[in-house]
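Just so it is clear, the model here is predicted, and its values are computed rather than measured. We name chains A, B, ... by the order of the sequence lines, and we start the count at 1 in each one. In what follows, every heavy atom counts, from backbone to side chain, and hydrogens, waters and symmetry copies are set aside.
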Protein chains: 2
Amino acid sequence: MPQDQLSRVFSALADPTRRDMVARLAATDATVGELAAPYDISLQAVSRHLRVLGDAGLVTRTRQAQRRPVHLEAEVFDLMTKWLERYRREADERYRRLDAVLGEMDDATPDPQEDHAP
Amino acid sequence: MPQDQLSRVFSALADPTRRDMVARLAATDATVGELAAPYDISLQAVSRHLRVLGDAGLVTRTRQAQRRPVHLEAEVFDLMTKWLERYRREADERYRRLDAVLGEMDDATPDPQEDHAP
DNA sequence: TACATTCTCAACCACTTGGTTGAAGAAGCG
DNA sequence: CGCTTCTTCAACCAAGTGGTTGAGAATGTA
């Protein structure tokens, strides 16, 4: 069950509620109650969403009286960006290299040539 | 059940096997059998992984005799990059001007189903 | 101390996910 | 046509997820 961090991060962001939380936390820190306000789910559910974000390293918590303010950790985004950039660039280059037809299905005489670059 | 695409994309990439497939597909197209080779799981499982990637818009399939070559669609990465860049930058700026006002929630009450989008 | 506020833990439940095996569809070859 | 190759569909199962409610921990306040 100990997934790698990248998996945890992607998994955490696969939920719209959690993405929305991240979006709001990018603007400012917030407490659990504040974060929960807009949603129609229980405080406990929000708390658990935050635990998922925390496990992914996307947020950290502190203590402020009874409150547990949540803070977005931007560094983790770099991890994702790094992964993304690498493969996006590779695919992009490859796309640029072959000047034909991918994705277009309207060819009447489909004679798929090899698209391997020389 | 019809999740938004961003959720499907993040969810698809939350699996290490699928991320590895994407990585390999960034180099070149491949058939199901070719993709399956390195992994110790059934061909059917690989086929289903590819369906997940396909539903997320990350790959497309064509037909080549009995084979169904898989092609990586780089455009979807832009979607993620856009999302990432936006909030990473916001958090970065905020980090830079580290005034950190807690408890200062603005009036934004977003619908959890929708991402923060302009 | 007693009480209110804020948040988390625990148990439960419906649904999804990622794997399995067996059967079947689709295309080429003898 | 029957047989082989490549791939998907279907049914099943264990484990995970996201919600619920109820209890309780942690802290500040009267």
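- Note on A:Arg48: every side-chain N or O is 4.0 Å or more away from OP1 and OP2 of C:dC9.
- Rounded to an integer number of Å, the gap from CG of A:Leu35 to C1' of C:dT6 is 13 Å.
- Between A:Leu35 and A:Arg24, some side-chain heavy-atom pair lies under the 4.5 Å cut-off.
- Closest-nucleotide positions on DNA chain D for B:Leu50 and A:Ile41 were compared, and the one nearer the 5' end corresponds to B:Leu50.
- Of the N and O atoms on the side chains of A:Ser7 and A:Asp4, at least one donor lies less than 3.5 Å from an acceptor on the other residue.
- The CZ-C1' distance, from A:Arg51 to D:dG16, rounds to 12 Å in whole Å.
- Residue B:Ala65 is classed as a sugar-phosphate contact, given heavy-atom separations below 4.0 Å to backbone atoms only.
- Distance A:Arg68 CZ to D:dT27 P: 9 Å, rounded to the nearest Å.
- Between the CZ atom of A:Arg8 and the C1' atom of D:dG16 there is a distance of 15 Å, given to the nearest Å.
- Close to D:dT7, at under 4.0 Å from its OP1 or OP2, lies a side-chain N or O of B:Thr31.
- Rounded to whole Å, the distance from CG on B:Asp15 to C1' on C:dG19 is 11 Å.
- Whole-Å rounding puts the A:Gln66 CD to D:dT27 C1' distance at 5 Å.
- Within the 4.0 angstrom heavy-atom criterion, only backbone atoms of the sugar-phosphate kind lie near A:Arg63; the bases stay farther away.
- Counting any heavy atom pair closer than 4.0 Å across all strands shown, B:Thr17 reaches no nucleic acid atom.
- Considering every non-hydrogen atom in both B:Leu13 and B:Arg19, the closest pair reads O-NH1, 2.7 Å.
- Between B:Trp83 and A:Phe77, the two ring planes are tilted [angle within 30° to 60°].
- Between C:dT20 and B:Ser42, a contact under 4.0 Å exists linking OP1 or OP2 to a side-chain N or O.
- A donor-acceptor contact under 3.5 angstrom links the side-chain atoms of A:Gln44 to the base of D:dG22.
- Residue A:His49 has a polar side-chain atom (N or O) positioned under 4.0 Å from OP1 or OP2 of D:dG19.
- OP1 or OP2 of C:dT8 sits under 4.0 Å from a side-chain N or O of A:Arg61.
- B:Arg18 has its CZ atom 8 Å from the P atom of C:dG19, to the nearest Å.
- Under the 4.5 Å side-chain heavy-atom criterion for ILVMFWY residues, a single connected hydrophobic cluster contains both A:Ile41 and A:Leu43.
- We find that CE of B:Met21 is positioned 11 Å from P of C:dG18, with the value rounded to whole Å.
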